[in-house]
Number of protein chains: 2
Amino acid sequence: MELNATAKVIVGMLAARPRSGYEIKQLVDHSTRFFWAASYGQIYPELKRLESEGLIEGTDASQGGRQRTVYDLTAEGRRVAAEWIGRAPEVFELRDEGLLKLFFAGVTDAGRAPDIARERAGRAREVAGRLSELEAMLEADEDGGPPASPDAGSLTVLRYGIESNEWAAEWFERAATELEKEAPAKRAAKATRTSRRRS
Amino acid sequence: MELNATAKVIVGMLAARPRSGYEIKQLVDHSTRFFWAASYGQIYPELKRLESEGLIEGTDASQGGRQRTVYDLTAEGRRVAAEWIGRAPEVFELRDEGLLKLFFAGVTDAGRAPDIARERAGRAREVAGRLSELEAMLEADEDGGPPASPDAGSLTVLRYGIESNEWAAEWFERAATELEKEAPAKRAAKATRTSRRRS
DNA sequence: TTAAGCATGTAAGGTGTTACATGATTGA
DNA sequence: TCAATCATGTAACACCTTACATGCTTAA
């Protein structure tokens, strides 16, 4: 059984307990978003599709006039979810505009390379910060009240997010310093807009 | 001027010197692929589009019966490319199936979490290794012969790829060990397929 | 002569985002 | 009463991959 990107996050979220499409979206936005996003435009149609394939089953849970459908895995869905978890991960995709600019900077504007690296470092620090807040919230949840995310595995992943971004921030900061050393003349002429010849 | 993902890598590659679509694709595959991919199905139509917008200009460079078009940035294209490099990077997208599985493993199959982390570590080591080979090739190129990639900025980016993957490999290896400590009983029962009850 | 590589392109189909549309409930 | 939030959904559009189609050139 082939699961597409949205199906994977849906069956994963439903493995913990039944949820509505809206709840799944909230959970994704508060947890996996940084490495596995999904939008309403994917989630709702995919829920319908998974139900038609017999992997999940929806139950009406409307309260008064407010419509609500809660989905749960079927036995088959649970089997497929377990099978998916058991396979070696395949998907790894990255799109990093900061790296792309750094890659080109030597040719188009060597003097700006350190700035680009610093900007990228700032972005990494920012993400690390936001994830740290999330971690603090999760840890506060642990004593009392239902947890916002399915389980403890989420903490491991969160820590990866925090530490990898901290590592990246330091790396880019160091790279910026080194790039500055490599082209100090160009850097000095930064604001005045000189013609750049070298060889 | 809004550049889409493919346009960004095209104008960046052309900033160094004129190239054909085929050359651009080869370059992408040997350099930016790990953080910014592009396929023929995007590159060729986008070259046409960028030409119709006046950012690049194609010149026929056929040799005998073999068709070939080499594209160069126009003055406007060069301006747009410089402007793009000057803006703060925006795009950062990640899709990491290993992290997603780790996130869910606690609920669906806690005993497998260390395996997932180890698999992810192996993947990171593999990528680091492939990038190291690439680095060796680039460094060999440096003395004599035209370089395979536009400039030195590419080395910085390559090193980021290598070091970040080495860091990730170590992190996941450490995480695997810690996850094993958390659930040693489950781990011991790994091969025999026991029913898993706990609470 | 034949395989590998050079070179360009299209069609089909899946993926994914954004904006829009609708309406109920809850708390300030 | 009014904003925020709960809740579901669709349409348009952009993005992207894969497979296919075509034909030339070069080196083994």
Side-chain angles (χ1 to χ4, degrees), chain A residues 1-10 13 18-30 32-53 56 58-71 90-95 97 100 148, chain B residues 2-10 13 18-30 32-53 56 58-71 90-97 100 148:
Chain A
M1 175 50 63
E2 285 303 308
L3 298 172
N4 65 36
T6 309
K8 284 171 184 170
V9 78
I10 289 176
M13 291 293 184
R19 301 177 203 271
S20 68
Y22 187 82
E23 281 177 292
I24 292 171
K25 170 64 171 161
Q26 301 308 303
L27 252 170
V28 165
D29 284 351
H30 286 99
T32 68
R33 176 171 46 128
F34 296 99
F35 56 91
W36 205 275
S39 65
Y40 285 127
Q42 293 168 264
I43 291 171
Y44 284 116
E46 189 60 25
L47 284 170
K48 293 278 165 78
R49 216 186 58 75
L50 287 172
E51 187 168 38
S52 82
E53 298 216 332
I56 65 175
T59 310
D60 184 73
S62 302
Q63 288 156 297
R66 188 190 281 174
Q67 189 190 168
R68 187 153 182 269
T69 309
V70 166
Y71 292 90
E90 274 149 39
V91 176
F92 183 88
E93 283 162 30
L94 179 62
R95 201 144 258 219
E97 195 169 5
L100 190 67
Chain B
E2 285 303 308
L3 297 172
N4 64 36
T6 310
K8 283 172 185 171
V9 77
I10 288 176
M13 291 292 185
R19 301 178 203 270
S20 68
Y22 187 83
E23 281 177 292
I24 291 171
K25 170 65 171 161
Q26 301 307 303
L27 252 170
V28 165
D29 283 351
H30 287 99
T32 68
R33 175 172 45 127
F34 297 99
F35 56 91
W36 206 274
S39 66
Y40 285 127
Q42 293 169 263
I43 291 171
Y44 285 115
E46 189 62 23
L47 284 168
K48 293 278 166 77
R49 214 186 59 76
L50 287 172
E51 187 169 37
S52 82
E53 297 217 332
I56 66 176
T59 310
D60 184 72
S62 301
Q63 286 156 299
R66 187 190 282 173
Q67 189 190 167
R68 186 155 183 269
T69 309
V70 167
Y71 292 90
E90 274 150 39
V91 177
F92 183 88
E93 283 161 33
L94 179 62
R95 203 147 257 219
D96 187 331
E97 195 169 5
L100 190 67

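Within every chain, numbering begins at 1; the chains are lettered A, B, ... in the order of the sequence lines, protein sequences first and strands thereafter.
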Nearest-0.5 Å distance, CD1 of residue A:I10 to CG of residue A:L47: 4.0 Å
Test item: A:E97 side-chain N/O and B:F92 main-chain N/O as donor-acceptor pair under 3.5 Å: no
Gap between atoms CG and P, on A:L47 and D:dT10 respectively (whole Å): 12 Å
Sugar-phosphate, base or nothing in reach of B:K25, heavy atoms under 4.0 Å: nothing
Residues that A:D29 engages under side-chain contact (heavy atoms from CB on, under 4.5 Å), provided they are two or more places apart: A:K25, A:R33
Residue whose closest nucleotide on DNA chain C lies nearer the 5' end, B:K48 versus B:Q26: B:Q26
Check: A:I24 and A:E46 side chains under 4.5 Å, non-hydrogen atoms: no
Under 3.5 Å: donor-acceptor pair, side chain of B:Q42, backbone of B:T6: no
For DNA chain C, the residues among residues 62-69 of chain B that have a non-hydrogen atom under 4.0 Å from it: B:R66, B:Q67, B:R68, B:T69
Residues in ring-ring contact (aromatic ring centres under 6.0 Å, His included) contact with A:F35, at least two apart in sequence or another chain: none
Footprint string (nucleotides 13-19 of chain D, 5' to 3'): B base within contact, S backbone only, - free, heavy atoms under 4.0 Å: --SSBB-
Under 3.5 Å, side-chain donor or acceptor atoms of residues 63-71 of chain A against the rest of the protein: list the pairs with distances, not counting sequence neighbours.
residue : atom : partner : partner atom : Å
A:R68   : NH2  : A:E23   : OE1          : 2.9

Side-chain touch B:E93/A:L94, heavy atoms, less than 4.5 angstrom: no
Side chain B:R19, main chain B:M13, donor-acceptor under 3.5 Å: yes
Range on DNA chain C touched by chain A, heavy atoms, distance below 4.0 Å: C:dT15 to C:dT25
Atom pair OG1/NZ of B:T32 and B:K8 - distance to nearest 0.5 Å: 13.0 Å
